[in-house]
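Notes follow once the structure below has been shown.
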Amino acid sequence: MSSIQKWQETKDADLTVELVAEMLEDISDDLWVTAACAERMVDSPEVSQVLVKTGLSRSSRLLEPTKRSIASHKPTEDADQSTEQNLIAYFQNHERERRLCILRQILSERLDRIQTYLLMRNAWQSSDLDEEPGNEEDEDPWADPDEENEPSEVQMAPFTLSDFLSQPLVDSAIILASERRFQALNHLLSYHEKALFPYRFSIINSIPLHVHPSEYHHLLPANDYDSNMEVRPERKPWREQVDWVEEPEVLAALHSTMTPEETTWLEDVDSTQDDEFPRIRCDDLLPSDELTKWYVTRVESIDSQSGLMDVALALLQHGASHGVPKLDEIGEDLLLLDRLIYEAPQPENPSLQIDWTLRRWRSLDPPEVIRAYLRHSDFESVASDIRRLVLPYLSVLESQAERNKRPDLELSNCLLYQYILSAPLELVVAIFESSKADIQRSYRIIRSDEDVARIALAYLYGLPTISDWPMMSRIFECQPDWGDDRDDDEKAYATLSSLAAVVAPSASRPRASAEELFIFFKPLPASALSRLLDVLDTHLEGGEILAKWSEVILDLADKLGFKNDAAAEVKILSMLVEVALQHEDFSRAEMTCEKMIIGARKLRALHHTTTETNNDTQTSAPQEALEVAWRSCYQLGKQSEFHDTNRKLRLLGFALELCPAANTLDILTVWRKIEAEDIESRKQRSIARAAARPTGKRKEAEQTNYLLQARAGAVAAGSLLQGLKGLSQGQDAASHMFNRVTANLPFSIGNVAGVGRRNSEERENERGGNERDFGQLFARQFAGSPSPQHKIREEVAAGARNALARGVGWLIGGDEDE
């Protein structure tokens, strides 16, 4: 058997140092031996070294003649072509020499890899020894001896020599990085820096995010202060002098003449991509801002995927210490986020906890951050939470503004006051109690006495609802006392007039917000604030009396000699309604109106009886009481801030019941306006619902308008009916009122047009139908929409309105002639 045949039949695993020398020594074809050595890759470092050295030795015999042949080669086409072009032309015409150069290049690079592998093997073997339990005190006495002897994953080599020789270097580097074999990885990067530098970020990104940066700090990128560019690490290859086949001109010529198979083999790059560890090439040095982006991206990944704040902070500190700019703010954000997660109050229900990440934190604006810190604070903790969480955060914001050349001395106060003005009342009370003037200024939350007063005034006058008077009074008790330092009467009057103008609602702004009021109070001096605090004290005292002692006021009136005086009781209740209206306590005002109207009805019944025997002067007190009663109901019913339409119409019904005939149309005008607004609101909602329906035909616009207005009119009439049903005659009086009114109308309101007045028995049996018809009448008359069944001319509608006014006026006591 020839040596060539014996070589071909011998497997890689069976090769030994002696067998390689024995079989290849007898083969005289140097190119064949060189190719044979390049084709074999074994796991034994000793055999691999013999193969590589044998191949390089035999190729050297052919290299010198090849170099002489290239030197004597004279291209015929263009005598001025470059060395690279000359080499390309030569290799195109000399296949044997071209193949020899490719094989020698492969063997030279393989020899370097074998030496690197030996260093890496020593590195991970020594690392394994360090990690093995060597001290008896570290040993677990309860551990299973058999399990202790089993090789761990760390003790296993990440890849064999044949794998390392055959796979791209970047793949080996990624494996070492992902398995945290940093000493071995450092050897690989040191001796193969030219091939691996373009993939440096892919290699670092394959390191597990939970690994502390101190373990791989030598791999992290740095920035040069002078050039603001990335620093390229200094590495030394195995050979300072490259082989002739590795010179740039030769390599370029070889690449130009390679087949696709040869290119894949020589370029050390796998065409496939790894989804877990993508290989992204970056040949150029990065500018400083790109380095900052890389650090921020990795920190965000560490935070979102592992949640290890200390690891993320250590990475930022390393980058900042190595010249990477703009990492200080990220580090500050991490520290502040750490406080939010681990120090801020948390909800009792774990499911309500928010999954905070650095990216989510950085998307918040400062007011949102403050609310996040205090989201779960309570009365007992809010002051402490502001001192240890919010105030340090505000200090950081001020520092960042100064570093960015945008200093703002009012930034902290502005953000803190903005939160207080919108915080719940209970928390605000605790904040003010931690801002009293008798507390050392440095420990106060609100440190300026003037700002304490300004915020209190703006907050209390800007409250959307008023219910907890004692808590509001506690805020007043925390206010500073400036003694007699108050504005004179003229200045005080001007200030109060301006305040009244600011607080007064308008069509464009139903009410002034606490923030708007604070802007009004901000320029006022202590003297003006002192006067306003006096006014606030009066308002709070009156409101608290109203809230606590409404029923006691009636008892006091009885003890003062007004017992069983119905007129006095109605007037007192009317006063309470007025006070409730001033404080926008509409619920209490309505309840007081309900009680007042009961007394007013009794008073009116008594008034009608006494007028038959007494003169007018003796009945002036009941008349005054009835006057204030209906006006109180009227004032509450037309309040724009009172948004319950049905209740407002009910109150207007009370007013219609008690008012003189001359005021009937005024009340009905307000009624019509409220009803029209309600109809329009219902119409818009109906149109929106109709537009959202996926199937079905829409009704005509006129039919929709009619139905909406009829429905709203029915609701409005029902509300009025409820207000009138409380007459002393009860249901019969209400029915009589409706029949009397409709009797004066010049058209029928029944279900069939043209039918005359029905007898009382029919009306009694079909009272429900009459109520619905009356609602339709109101829908037609006050909303202005024609009935689809009865097309009423404009003059007929006008007559109907006049008849309605006469009927209602007659019912409530006016002369029929009016």
Side-chain angles (χ1 to χ4, degrees), residues 328-341 343-345 354 356 358-379 381-436 439 441-464 475 478-480 512-524 529:
D328 294 338
E329 291 188 10
I330 310 298
E332 291 169 344
D333 288 341
L334 271 178
L335 291 173
L336 295 169
L337 175 59
D338 183 76
R339 287 184 173 181
L340 173 62
I341 296 174
E343 299 181 28
I354 298 176
W356 286 105
L358 179 61
R359 181 169 297 177
R360 181 171 187 172
W361 167 273
R362 300 189 71 196
S363 68
L364 301 179
D365 56 25
E368 291 173 325
V369 171
I370 296 175
R371 289 194 293 270
Y373 273 130
L374 305 177
R375 179 173 285 111
H376 302 290
S377 298
D378 55 21
F379 181 85
S381 68
V382 65
S384 173
D385 295 339
I386 290 176
R387 290 190 183 100
R388 64 188 181 85
L389 298 174
V390 175
L391 295 183
Y393 167 69
L394 296 177
S395 298
V396 170
L397 290 184
E398 287 184 346
S399 300
Q400 292 178 353
E402 290 179 2
R403 289 199 301 265
N404 295 329
K405 306 295 179 63
R406 295 192 302 269
D408 186 354
L409 299 179
E410 294 297 324
L411 178 62
S412 294
N413 287 341
C414 180
L415 293 173
L416 179 61
Y417 296 169
Q418 182 179 350
Y419 168 78
I420 296 174
L421 290 172
S422 61
L425 177 61
E426 182 184 21
L427 300 185
V428 173
V429 171
I431 293 172
F432 274 105
E433 291 183 348
S434 297
S435 306
K436 292 182 179 179
I439 301 176
R441 189 176 297 273
S442 60
Y443 289 99
R444 301 184 202 172
I445 293 179
I446 306 173
R447 297 177 179 176
S448 167
D449 289 342
E450 288 78 5
D451 286 346
V452 169
R454 292 170 182 134
I455 296 173
L457 289 166
Y459 183 84
L460 293 176
Y461 282 119
L463 280 175
I475 293 178
C478 301
Q479 299 308 300
S513 65
E515 290 80 5
E516 292 171 330
L517 291 173
F518 181 74
I519 295 174
F520 170 80
F521 293 123
K522 191 172 183 179
L524 298 183
L529 295 173

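- In this structure, Asp333 CG and Asp328 CG are separated by 11.0 Å, a value rounded to the nearest 0.5 Å.
- Of the inter-residue distances, the one linking Arg360 atom CZ with Glu368 atom CD reads 10.0 Å to the nearest 0.5 angstrom.
- Among pairs with a residue in residues 451-464, those fulfilling salt bridge (charged side-chain N to carboxylate O under 4.0 Å, His left out) read Asp451-Arg454, at least two apart in sequence or across chains.
- In terms of heavy-atom proximity, Leu421 sits nearest to Tyr459 at O-CD1, 3.6 Å.
- The local environment of CZ in Arg406 is sparse, with at most 12 non-hydrogen atoms from other residues, nucleotides or ligands closer than 6.0 Å.
- Residues Arg388 and Pro345 share a closest heavy-atom pair of NH2-CD, 4.2 Å.
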With side chain to side chain contact (heavy atoms under 4.5 Å, CB included) as the test, would you mind laying out the steps for Tyr373 and Val369 before giving the verdict? CA-CA 6 Å; Tyr373 273 130; Val369 171; 3.6 Å; yes
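- The one candidate from Ile370, Ile455, Ile386 that meets the side-chain contact (heavy atoms from CB on, under 4.5 Å) condition with Leu416 is Ile386.
- Tested against Asp449, the residues Arg444, Lys436, Gln479 include a single side-chain hydrogen bond (donor to acceptor under 3.5 Å, both in side chains) partner, Arg444.
- For the residue pair Ser435 and Ile446, the shortest heavy atom distance occurs at OG-N, 3.0 Å.
- Remark: Leu425 CG to Phe379 CZ distance equals 10.0 Å, nearest 0.5 Å.
- Taking CD of Glu410 as the start and CD of Glu398 as the end, the distance is 9.0 Å to the nearest 0.5 Å.
- Between the SG atom of Cys414 and the CG atom of Leu397 there is a distance of 11.5 Å, given to the nearest 0.5 Å.
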Might you work through the side chain to side chain contact (heavy atoms under 4.5 Å, CB included) test for Val429 and Glu426, ending with a clear yes or no? CA-CA 5 Å; Val429 171; Glu426 182 184 21; 6.0 Å; no
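- Around the CZ atom of Arg359, the shell of radius 6.0 Å holds no more than 12 heavy atoms that belong to other residues, nucleotides or ligands.
- Residue Ser513 comes nearest to Glu516 through the heavy atom pair N-OE1, 2.9 Å, listed as atom of the first residue, atom of the second, then distance.
- The closest side-chain heavy-atom distance from Val396 to Gln400 is below 4.5 Å.
- When atom types are taken as modelled, the side chain of Arg387 and the backbone of Ile445 share no donor-acceptor pair closer than 3.5 angstrom.
- The shortest distance between side-chain heavy atoms of Arg362 and Ile330 falls below 4.5 Å.
- Scanning both residues, Phe521 and Ala458, for their nearest heavy atoms gives CE1-N, 3.6 Å.
- For the pair Ala383 and Ser434, the tightest heavy-atom approach, listed with the atom from each and the gap, is CB-OG, 3.2 Å.
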Evaluation steps, side chain to side chain contact (heavy atoms under 4.5 Å, CB included), between Leu334 and Trp361: CA-CA 9 Å; Leu334 271 178; Trp361 167 273; over 6 Å; no
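- Note: Ile431 CD1 to Leu427 CG = 6.5 Å, rounded to the nearest 0.5 Å.
- Listed by chain and residue number, nothing satisfies the side chain to side chain donor-acceptor pair (under 3.5 Å) test with Glu402 (two or more places apart in sequence, or in another chain).
- In this structure the side chain of Ser381 never reaches within 4.5 angstrom of the side chain of His376, judged on heavy atoms.
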Is there a side chain to side chain contact (heavy atoms under 4.5 Å, CB included) between Leu364 and Trp356? Walk through the geometry before answering. CA-CA 11 Å; Leu364 301 179; Trp356 286 105; 3.6 Å; yes
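- Counting heavy atoms from C-beta on, the side chains of Val452 and Cys478 never come closer than 4.5 Å.
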